Amino acid sequence: MKATEDPSFKPGYWRQLLAYYILNDIHRELVAAEIDSSGADTPYPDITTVGVYFARFGEFQTIDVKDYLQPREEYEQFRAWFVDRAIEENHDARRNYDPYREVLTDPYDFEEQTTLFDF
């Protein structure tokens with residue numbers, strides 16, 4: 001959810017909501033990988049709706065993200081790019097990011113893609 005006092009929906013709001021959704025989806029994937037390896041049976045929740053709360057007006061508008069992230073393969077490719085860029089731009093040489101890349105970016109190759117506009 002995004003809260004704002006501005007009465008109109010701006011493209012930046014969608015980008016922020018999409019980033020929130022992707023971060024949740026990434027965490028869900030990582031938890032699912034841990035659950036699979038540990039044998040636990042409690043999945044991480046899957047978010048299906050995001051929204052903007054227009055605080056000054058008391059109005060809450062929601063979007064069903066599944067309607068906008070189709071086809072699934074393109075969303076997964078974009079999510080993999082998002083993860084790859086986040087790792088590259090926030091790289092810490094003391095950490096090994098290979099396990100995250102293995103779960104979240106394989107089989108996509110991003111050497112030729114450098115910006116959001118490549119999608």
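A quick note: this is a predicted structure, and the numbers were derived from the prediction, not measured.
A donor-acceptor pair is defined here as one N or O able to donate and one able to accept, closer than 3.5 Å; no such pair exists between the side chain of Y97 and the backbone of E88. In this structure, the side chain of Q70 engages the main chain of K66 through a donor-acceptor pair within 3.5 Å.
Tracing side-chain contacts under 4.5 Å through hydrophobic residues (I, L, V, M, F, W, Y), one reaches I47 starting from I26; they form part of the same cluster. Hydrophobic clustering, with ILVMFWY side chains joined whenever heavy atoms are under 4.5 angstrom apart, keeps V65 apart from F60. Cluster membership check: M1 does not share its hydrophobic cluster with Y68, using side-chain heavy-atom separations under 4.5 Å among Ile, Leu, Val, Met, Phe, Trp and Tyr. Hydrophobic clustering places F9 together with L18 (ILVMFWY residues linked when any side-chain heavy atoms are closer than 4.5 Å, directly or through intermediates).
With values rounded to the nearest 0.5 angstrom, T49 atom OG1 is found 11.5 Å from L17 atom CG. Distance check: L69 CG to R79 CZ gives 11.0 Å after rounding to the nearest 0.5 Å. Atom CD of Q77 is separated from atom OG1 of T105 by 11.5 Å, given to the nearest 0.5 angstrom. A distance of 11.5 Å separates OG1 in T4 from OH in Y53, rounded to the nearest 0.5 Å.
Heavy atoms from other residues, nucleotides or ligands lying under 6.0 Å from CD of E5 number 12 at most. Within a 6.0 Å sphere centred on CZ of R95, other residues, nucleotides and ligands contribute 12 heavy atoms or fewer.
Residues meeting the ring-ring contact (aromatic ring centres under 6.0 Å, His included) test with Y100, sequence neighbours left out: none. Remark: Y75 pairs with D25 by the side chain to side chain donor-acceptor pair (under 3.5 Å) rule, at least two apart or across chains. Every residue two or more places apart in sequence or in another chain that forms a side chain to side chain donor-acceptor pair (under 3.5 Å) with K10 is listed here: D6, S8.
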Discussion item. Walk me through whether I22 and F78 qualify under side-chain contact (heavy atoms from CB on, under 4.5 Å).
Written reply: CA-CA 9 Å; I22 291 171; F78 178 75; 3.3 Å; yes
*asked:* Please evaluate residues Y21 and I63 with respect to the criterion side-chain contact (heavy atoms from CB on, under 4.5 Å), reporting the C-alpha separation (whole Å), side-chain torsions for both, the decisive distance (0.1 Å), and the verdict.
replied: CA-CA 11 Å; Y21 177 82; I63 299 168; over 6 Å; no
Run the side-chain contact (heavy atoms from CB on, under 4.5 Å) test on F82 and L104 for me, step by step, so that the C-alpha distance in whole Å, both residues' side-chain angles and the decisive distance to 0.1 Å come before the verdict. CA-CA 10 Å; F82 185 94; L104 299 168; over 6 Å; no
R101 vs V83, side-chain contact (heavy atoms from CB on, under 4.5 Å): CA-CA, chis, key distance, verdict:
CA-CA 8 Å; R101 287 182 192 264; V83 169; 5.6 Å; no
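Taking each heavy atom of R28 and D46 in turn, the nearest pair found is NE-OD1, 3.6 Å. Scanning both residues, P7 and F57, for their nearest heavy atoms gives CB-CE1, 3.3 Å.
In this structure, Y20 and V50 have side chains that are not in contact, with every pair of non-hydrogen atoms separated by 4.5 Å or more.
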